[in-house]
Enquirer: 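First the structure, then my questions, so here it is.
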Amino acid sequence: MTEAVGEQRIAVEQRLGQLKLSHNDLDAAIEALGEKGAYDDLQMQRMKRRKLQLKDEIARLEALLSPDIIA
């Protein structure tokens, strides 16, 4: 992957912030739903899947911000 620079870097950082916020919100919602006890398994599964998708997207964008260093 190539490193993001200039305006592209700013856009990536903004998107990264949005995704992290969504990830944290979803994490809190999953925890609250789990504590409630009686919940819809399908809903929980979809929320967890979405959380993993967000995590993957966050990792992809973080890779754009950090150049690969070959040792």
Enquirer: Is there any salt bridge (Lys or Arg N to Asp or Glu O under 4.0 Å) pair reaching into residues 10-21, and which pairs are they, with sequence neighbours excluded?
Expert: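 Applying salt bridge (Lys or Arg N to Asp or Glu O under 4.0 Å) to every pair that reaches into residues 10-21, excluding sequence neighbours, yields Arg9-Glu13, Lys20-Glu62.
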Enquirer: Do Leu65 and Leu21 land in one hydrophobic cluster if side-chain heavy atoms of ILVMFWY residues count as linked below 4.5 Å?
Expert: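 Cluster IDs for Leu65 and Leu21 differ.
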Enquirer: From Leu61 CG over to Gln14 CD, what is the distance, rounded to the nearest 0.5 angstrom?
Expert: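 If we round to the nearest 0.5 Å, Leu61:CG and Gln14:CD are 12.0 Å apart.
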Enquirer: Can you name the nearest heavy-atom pair linking Leu54 to Leu19, along with the distance?
Expert: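 Here Leu54 and Leu19 meet closest at CD2-CD2, 3.6 Å.
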Enquirer: May I have the list of side-chain donor-acceptor pairs in residues 30-53 shorter than 3.5 Å, sequence neighbours left out?
Expert:
unit_1: Asp40; atom_1: OD1; unit_2: Leu42; atom_2: N; d: 3.2
unit_1: Lys51; atom_1: NZ; unit_2: Asp27; atom_2: OD1; d: 2.7

